[in-house]
Amino acid sequence: MSAELDLSPPEVPEPTFLESLLRYGLFLGAIFQLICILAVIFPSSKGYEHEETESNDGKATEQMKKPKGPAPQIRQKPKKESKKKR
């Protein structure tokens, strides 16, 4: 049992430029996705909700100003069907 054990680290080739670019691009994509998910869960701006309620109030007041009379009915004359002359 005098066999020598090879405890040296395995030979791993250096990553190429494309592999490095892909790795860091994936990290940046993951960070961007996490930021987007957190932005949906915890909205930081309350101004949008305030503007939305104001626009809804504006629409409600416009509807109140309009008279609620009967809608005018537009009558169209029925088209006469003409027979083709042969």
Could you pull out all donor-acceptor pairs under 3.5 Å where a side-chain atom in residues 20-27 meets a protein atom, sequence neighbours excluded?
unit_1	atom_1	unit_2	atom_2	d
Ser20	OG	Thr16	O	3.2

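Under the 4.5 angstrom side-chain criterion for Ile, Leu, Val, Met, Phe, Trp and Tyr, the cluster partners of Ile31 are Ile35.
Among residues two or more places apart in sequence or in another chain, the side-chain contact (heavy atoms from CB on, under 4.5 Å) test is passed with Ser8 by Asp6. In terms of the side-chain contact (heavy atoms from CB on, under 4.5 Å) criterion, residue partners of Phe42 (sequence neighbours excluded) are, by chain and number, Leu38.
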